[in-house]
Amino acid sequence: MSVPEAYGLGPIKVTAIAGGKVDMAARLTGSGYSVSGCSGGGSVSSEGGGGVGFSCGEGPAATINDAMSLEVVDVLDAAAVLRIRPAG
């Protein structure tokens, strides 16, 4: 899914849905990257080539790059409902 350029990420790709968590990857478009508040043990790893991977479970929204709020609203078998909006 595409997100506004101001969020510092290229399109976010869901790479896996399992165990109540959604794994995602995105290309970095800005000079830095930060994530905080990811419920369910969020993690960040370098994907090489200027990308990141992160994993979030249902619960409170994560803040990415101090600009984007990403919330996993519901996880259903192989599908998930995500809510993305400006942080704040």
Side-chain angles (χ1 to χ4, degrees):
M1 74 192 92
S2 295
V3 296
E5 189 173 317
Y7 293 167
L9 299 174
I12 297 173
K13 178 181 177 183
V14 174
T15 57
I17 300 172
K21 292 184 181 178
V22 180
D23 295 338
M24 294 163 270
R27 183 178 49 85
L28 291 176
T29 59
S31 60
Y33 177 76
S34 65
V35 62
S36 64
C38 215
S39 174
S43 63
V44 178
S45 62
S46 172
E47 294 294 309
V52 294
F54 47 99
S55 177
C56 297
E58 287 181 47
T63 301
I64 299 175
N65 291 340
D66 295 325
M68 181 178 95
S69 171
L70 184 147
E71 179 182 2
V72 177
V73 177
D74 200 6
V75 177
L76 310 163
D77 295 328
V81 178
L82 306 176
R83 180 176 294 134
I84 296 174
R85 57 184 166 203

Evaluation steps, side-chain hydrogen bond (donor to acceptor under 3.5 Å, both in side chains), between Asp23 and Ser55: CA-CA 4 Å; Asp23 295 338; Ser55 177; 2.7 Å; yes
Go through Val3 and Met68 one step at a time and tell me if the side chain to side chain contact (heavy atoms under 4.5 Å, CB included) criterion holds. CA-CA 9 Å; Val3 296; Met68 181 178 95; 4.2 Å; yes
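A single hydrophobic cluster is seen to contain both Ile17 and Met1, as judged by linkage of ILVMFWY side chains at heavy-atom distances under 4.5 Å, directly or through other members. Leu76 and Leu70 are members of different hydrophobic clusters when ILVMFWY side chains are connected at heavy-atom separations under 4.5 Å. Residues Val72 and Val14 share a hydrophobic cluster, clusters being chains of Ile/Leu/Val/Met/Phe/Trp/Tyr side chains in contact below 4.5 Å.
In terms of heavy-atom proximity, Gly20 sits nearest to Val75 at O-CG2, 3.8 Å. Here the shortest heavy-atom pairing between Gly10 and Thr29 reads N-CG2, 3.6 Å. Minimum heavy-atom separation, Arg85 to Tyr7: C-OH, 3.2 Å. Minimum interatomic distance between Ser69 and Ala61 (heavy atoms only, all atoms of both residues): OG-CB, 3.3 Å. Closest of all the heavy-atom pairs between Thr63 and Ala87 is CG2-CB, 4.1 Å.
Of the listed residues (Asn65, Val52, Ile64), just one forms a side-chain contact (heavy atoms from CB on, under 4.5 Å) with Val35, and that residue is Ile64.
Between atom CZ of residue Phe54 and atom CD1 of residue Ile12 there is a gap of 4.5 Å, rounded to the nearest 0.5 Å. Going from atom CG of Leu9 over to atom CZ of Arg27 covers 9.5 Å, rounded to the nearest 0.5 Å.
Cys56 is listed as a side-chain neighbour of Met24, based on a closest heavy-atom distance under 4.5 Å. Using a 4.5 Å heavy-atom cutoff, the side chains of Val73 and Glu58 are not in contact.
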